[in-house]
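Structure, as structure tokens:
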Amino acid sequence: KDPFNKIRKYGIVNLEGKEIIPAKYHKIDFFQNDIAPFSINNGKGIFYGLISISGEIILEPSFRAIESLILTNEEEVVWSASYFDKDEKRVLHKILSKEGKELSDLRFHQIKPFENGLAFARKTHTSLWGQIDKTGNWSLEPTYKSLNDIIPKEVVKKKYIVELDGYKYFREKEENALW
């Protein structure tokens, strides 16, 4: 057993079984636009960076987490990178380009995924919600207490639970896909 994933290491092989990225990482997430977040455990904690499909380190591991803010592979990826801000004594998020470059000086407490080039965000856990563009600039000033105040009710799709072979899946009423 390896409950904290200290021994197990991950890498990437191609369809022929040839090693592309050596098995030396704590974790490698899903690739988007041929780049993926990866993490290492350096003995002081787990830190995330970005790696290309060829194994080149795009961004050195220095963040608590990195995740995509884009839901499809058709758009160029935008990353949310979280870190502990010692001055503010809390976790904040930066917006990074595909290559790991900062897109904005603004820092956020929470950022939702982008849809049609815009994402909902807020600066602190008690602050108001607004909407930002992919450069991190406010396109809709933060003036809403909750996302329910912004998103029209007819846009929110109801999710249905489907049980199949003892597993629970979700689906939207008008879709055939289970997830």
Side-chain angles (χ1 to χ4, degrees), residues 26-40 45-53 57-161 168-175 177-179:
H26 175 264
K27 182 178 182 183
I28 299 176
D29 286 335
F30 294 106
F31 283 86
Q32 280 189 279
N33 308 135
D34 294 334
I35 296 175
F38 76 98
S39 63
I40 62 166
I46 297 170
F47 293 93
Y48 283 78
L50 295 172
I51 193 167
S52 73
I53 194 98
I57 303 291
I58 304 291
L59 179 65
E60 290 295 326
S62 60
F63 293 97
R64 286 185 152 200
I66 296 180
E67 56 187 28
S68 173
L69 293 173
I70 303 298
L71 299 176
T72 67
N73 263 335
E74 287 82 49
E75 294 181 68
E76 186 165 301
V77 70
V78 176
W79 305 105
S80 169
S82 64
Y83 68 100
F84 183 78
D85 188 292
K86 292 177 183 172
D87 295 331
E88 295 203 26
K89 296 180 177 58
R90 63 186 174 111
V91 174
L92 294 174
H93 299 268
K94 296 179 179 184
I95 297 177
L96 305 178
S97 70
K98 171 184 170 182
E99 299 82 17
K101 306 285 187 235
E102 282 190 51
L103 294 175
S104 171
D105 291 337
L106 290 176
R107 303 294 183 257
F108 303 94
H109 169 71
Q110 196 171 6
I111 309 169
K112 298 290 185 182
F114 281 92
E115 288 186 42
N116 302 319
L118 300 171
F120 296 109
R122 61 184 178 166
K123 286 188 166 196
T124 69
H125 72 285
T126 58
S127 67
L128 301 174
W129 286 92
Q131 210 167 29
I132 57 172
D133 61 22
K134 288 184 180 177
T135 62
N137 294 316
W138 294 107
S139 62
L140 177 62
E141 288 297 320
T143 54
Y144 296 92
K145 285 184 179 180
S146 87
L147 290 178
N148 293 337
D149 296 337
I150 305 174
I151 304 171
K153 297 279 187 251
E154 62 272 5
V155 173
V156 179
K157 295 180 180 178
K158 185 172 181 180
K159 308 254 186 303
Y160 297 87
I161 297 175
K168 288 185 180 181
Y169 297 91
F170 296 91
R171 78 171 182 88
E172 294 176 0
K173 186 175 185 179
E174 56 282 327
E175 289 184 353
L178 299 177
W179 45 273

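Since this is a predicted model, take the numbers as computed values, not measurements. Numbers here are sequence positions counted from 1.
- Residues passing the ring-ring contact (aromatic ring centres under 6.0 Å, His included) test with Phe108 are Trp138, sequence neighbours excluded.
- Ile57 CD1 to Ile40 CD1: the interatomic distance, rounded to the nearest 0.5 Å, is 8.5 Å.
- Using a cutoff of 4.0 Å between basic side-chain nitrogens and carboxylate oxygens, Glu99 and Lys101 are not scored as salt-bridged.
- Using a distance-only test at 3.5 Å, with no hydrogens or angles considered, no donor-acceptor pair links the side chain of Arg90 to the main chain of Asp87.
- For the pair Ile66 and Leu59, the minimum side-chain heavy-atom distance is below 4.5 Å.
- Classification of Lys98 and Glu76 as a salt-bridged pair fails, no side-chain N sitting under 4.0 Å from a carboxylate O.
- Annotation: side chain to side chain donor-acceptor pair (under 3.5 Å) contacts of Ser82 (sequence neighbours excluded): none.
- Phe47 is not listed as a side-chain neighbour of His26, based on a closest heavy-atom distance of 4.5 Å or more.
- Counting heavy atoms from C-beta outward, Ile95 and Ile132 have side chains that approach closer than 4.5 Å.
- Residues forming a side chain to side chain donor-acceptor pair (under 3.5 Å) with Arg64 (at least two apart in sequence, or on another chain): none.
- The main-chain N or O of Ser68 is never found under 3.5 Å from a side-chain atom of Gln32 such that the two would form a donor-acceptor pair.
- Side chain of Ser80 to main chain of Glu67: no donor-acceptor pair is present (N/O by atom type, distance under 3.5 Å, no hydrogens or angles).
- Panel note: side chain Asp133, backbone Thr135; a donor-acceptor pair is recorded below 3.5 Å.
- Residues Phe38 and Pro61 have side chains in contact (heavy-atom distance under 4.5 Å, counting atoms from C-beta outward).
- Salt-bridge formation is detected for the pair Lys134/Glu75: a Lys NZ or Arg NE/NH1/NH2 atom is positioned less than 4.0 Å from an Asp or Glu carboxylate oxygen.
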